[in-house]
Amino acid sequence: MNPLVREQILTIIASIPEGRVTSYGRIAKMTDGATARMVARALRDLPSGHELPWFRVVTSSRKLADHSGADEQRRRLIDEGIAFDVRGRISVERFWP
DNA sequence: CACCTGACTGTCA
DNA sequence: ATGACAGCCAGGT
């Protein structure tokens, strides 16, 4: 994918405040032409040891995306004060921007 | 080149 | 509310 767009995606994720989340689609719209799937791909391809708060990216339906790191993601979000309702959804007030 | 596969989404039954 | 589905499109086979 276009390296500039990739950089935009990572920069946006890096700026998500602690205790807040945002969706793949929202991030995509903030970039110059990326789609939600491209955001997902960019996250999947992250090297280990990076500093990005990847766990603050969730789906538009306010749930965690279906992937192998979902368990860790849930823990890390709970650790920073984000609550999940009985159906595994996050309150809209937690969304950023 | 054709076809398949997703860390997704908006729409609709 | 909930699930199915058609768009989506870069990468891999």
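These values consider heavy atoms only, across backbone and side chains, with no hydrogens, waters or symmetry-generated copies. By convention in this document, chain letters (A, B, ...) are assigned in the order of the sequence lines, proteins followed by strands, and residues within each chain are numbered from 1.
The nucleotide dA7(B) finds no pairing partner, because no Watson-Crick or G-U wobble arrangement with both distances shorter than 3.5 Å includes it.
In terms of polar N and O atoms assigned as donor or acceptor, the side chain of Arg37(A) never comes within less than 3.5 Å of the base of dC9(C) in a complementary pairing. The base of dA7(B) has none of its N or O atoms less than 3.5 Å from a complementary donor or acceptor on the side chain of Arg44(A).
The CG atom of Leu77(A) sits 18 Å away from the P atom of dA7(B) (whole-angstrom rounding). For the pair Asp85(A) CG and dT2(C) C1', the interatomic distance rounds to 14 Å; values are reported in whole Å. What separates CG of Asp32(A) from P of dA10(C) is a distance of 13 Å, to the nearest Å. The nearest whole Å value for the distance from the CZ atom in Arg26(A) to the C1' atom in dT9(B) is 13 Å. With rounding to whole Å, Arg62(A) atom CZ is found 14 Å from dT2(C) atom C1'. Atom CG of Asp66(A) and atom P of dG6(B) are 10 Å apart (whole Å). Distance, His67(A) NE2 to dC8(B) P: 8 Å, rounded to whole Å. Rounded to whole Å, the distance from CZ on Arg41(A) to C1' on dT5(B) is 9 Å.
Note on Ile12(A): it does not cluster hydrophobically with Leu4(A), by side-chain heavy-atom contacts below 4.5 Å among ILVMFWY residues.
Minimum heavy-atom separation, Glu18(A) to Arg56(A): CA-NH1, 3.2 Å. The minimum heavy-atom distance linking Tyr24(A) with Leu43(A) is given by the pair CE2-CD1, 3.9 Å.
The Trp54(A) side chain lies nearest to dA7(B) when the options are dA7(B), dG10(B), dT2(C). Candidate nucleotides dC8(B), dC9(C), dA1(C) were compared by shortest atom distance to the side chain of Thr35(A), and dC9(C) ranks first. Here dA7(B) is the nucleotide among dA7(B), dC9(C), dT2(C) with the atom lying nearest to any side-chain atom of Tyr24(A). For Arg87(A), counting side-chain heavy atoms from C-beta on, the closest listed nucleotide (dA1(C), dA10(C), dC8(B)) is dA1(C).
Leu77(A) has its side chain within reach of Ile90(A): a pair of non-hydrogen atoms, C-beta onward, lies under 4.5 Å apart.
Across all strands shown, Ser23(A) has heavy atoms under 4.0 Å from sugar-phosphate atoms exclusively, and none from any base.
Taking the nucleotide of DNA chain C with the nearest heavy atom to each of Arg6(A) and Lys63(A), the more 5' of the two is matched to Lys63(A).
For the pair Arg26(A) and Phe95(A), the cation-pi criterion (under 6.0 Å, within 45° of the ring axis) is not fulfilled.
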